[in-house]
J.: 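Take this structure first; my questions come after.
Each chain gets a letter, A, B and so on, in the order its sequence line appears, and its residues count up from 1.
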Amino acid sequence: MQENVALSAVPIQLSGIFESVRDPGAGGIDIFLGTTRKTSGGKEVIALEYEAYEPMALQKFHELAAEASGKWRLRKVTIVHRTGRVAVGDISVAIAVAAVHRAEAFEACRWLIDGLKKYAPIWKKELYRDGSEWVDGFTG
Amino acid sequence: MQENVALSAVPIQLSGIFESVRDPGAGGIDIFLGTTRKTSGGKEVIALEYEAYEPMALQKFHELAAEASGKWRLRKVTIVHRTGRVAVGDISVAIAVAAVHRAEAFEACRWLIDGLKKYAPIWKKELYRDGSEWVDGFTG
Amino acid sequence: MTVRVRLFANLREAAGTAECEVETGSAGDVGRLLDLLCADYPMLMPHRNYLRVAVNRVYARPETLLHEGDEVALIPPTSGG
Amino acid sequence: MTVRVRLFANLREAAGTAECEVETGSAGDVGRLLDLLCADYPMLMPHRNYLRVAVNRVYARPETLLHEGDEVALIPPTSGG
């Protein structure tokens, strides 16, 4: 299994995500994209700001990819998360999985985003016209 | 639910797929990509050729999207399948689902590709150095 | 009664044509049409038990009745995706 | 014994610093460190029951023993994704 994990301070390019998992032995690729929502609790969000404990976040991405690879027959896994300011509607996280069979790509991808949300030390702040607020992770 | 369905005789552009399902109200986007494999039954595949009963395939895509939209809370669904010659490793099909919650995006996307494989009148021919063969759909 | 029949993939190659018209007599259903087609194109016979038939782009059963001008398609096992 | 403590997100803002050093005495565990931190930064107290602690980038428990030079991080509920 080939793994790519990264934090990115610049917009995530989908073509690069696809190229990183493209594999002539894969039966299917599943890509999960998290995008930022325009409203939160009735408030209009104008942008988001992501903060990460970078070395630990990268280590968690690596651990998640390695554990997934023990559960399913994966060819390639890519996990990229944004840091810094992210515009509404832009990609905050991309998880791509190329697997021997498509069912495994779907299962692994879903397990990875669930694990990332639980364990990766990353935080999101919503910016409003009149202030800002750290998002309570329990509502994710 | 906004739906985009198409058959494409030219390479599928992932950026266009993403733009078609981008939605400020979505909690998650799942994209399934089928890519063509380099080997099949021990033979080296040099390219693939897809044939479709186009109007019926498009109608099936539409029916699948509409049925999925009755099962899950979907915001946008895109289904695009290639026709004609497809190079090994290239995208043969892209299914993208933007849903209110990510679990629904995963479930709907998986259900859509399973349904497409069963019901869409589309056929794949493998081209080898020394011949070609229509793929038996039962092995898919 | 005349129906238009479209053939795809290996069936198209087996029959040597992508399309034909079949005169089914005064009435007919999908099963009867397949009998006539297999008589005209014996190469289709080995595929008969493995194909689905669509009438006007909707999957049909052997007993589905045909009407003048219907578009019938022979659908071998699909392999899209 | 001195450990380096990193703070993130709302905890960083509550404490007014992204990093500090804490002298834990001759020995200490994660629970003892949190006691000392909350004494130095009373604004952290309301968060104490909701945060996780990582020691050298691995999640730790209150009874995890600390060693000279450890990098400790206070991890409020995460909201990545």
J.: Working note: R102(B) + D114(A), criterion salt bridge (charged side-chain N to carboxylate O under 4.0 Å, His left out); need CA distance, chi angles, decisive distance, verdict.
T.: CA-CA 10 Å; R102(B) 70 180 185 280; D114(A) 288 350; 2.7 Å; yes
J.: Taking all non-hydrogen atoms of both residues into account, name the closest pair between V88(A) and P24(B) and its distance.
T.: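 For V88(A) and P24(B), the tightest heavy-atom pair comes out as CG1-CB, 4.5 Å.
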J.: Drop me the distance from I17(B)'s CD1 to F18(A)'s CZ, to the nearest 0.5 angstrom.
T.: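 So the CD1 of I17(B) and the CZ of F18(A) are separated by 11.5 Å.
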J.: Does K125(B), at its NZ atom, have more than 12 non-hydrogen atoms belonging to other residues, nucleotides or ligands within less than 6.0 Å?
T.: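 Count over threshold, so yes.
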J.: In Å, rounded to the nearest 0.5 Å, how long is the span from CD1 of I31(A) to CD1 of I29(B)?
T.: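 Atom-to-atom, I31(A):CD1 and I29(B):CD1 are 11.0 Å apart.
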J.: In terms of heavy-atom proximity below 4.5 Å to chain B, should A103(A) be classed as side chain, backbone, both, or neither?
T.: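 Contact with chain B involves both backbone and side-chain atoms of A103(A).
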J.: For chain B, find which of G25(A), S15(A), G27(A) contributes the most heavy-atom pairs closer than 4.5 angstrom.
T.: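 Max contact count across the listed options: G27(A).
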J.: Using a cut-off of under 4.5 Å for heavy-atom pairs, which of G34(B), S92(B), C109(B) has the most such pairs with chain A?
T.: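 So the answer, after comparing G34(B), S92(B), C109(B), is C109(B).
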J.: Please classify the contact of R22(A) with chain B as side chain, backbone, both or neither, using a heavy-atom distance under 4.5 Å.
T.: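 Answer is side chain: those atoms of R22(A) sit under 4.5 Å from chain B.
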J.: Do you know which of D23(A), I91(A), T39(A) has the most heavy-atom pairs with chain B at a distance under 4.5 angstrom?
T.: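 Counting heavy-atom pairs under 4.5 Å, the top option is I91(A).
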J.: Can you tell me which of V21(A), D90(A), T36(A) forms the most heavy-atom pairs within a distance under 4.5 Å of chain B?
T.: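 Going by pairs under 4.5 Å, I would pick D90(A).
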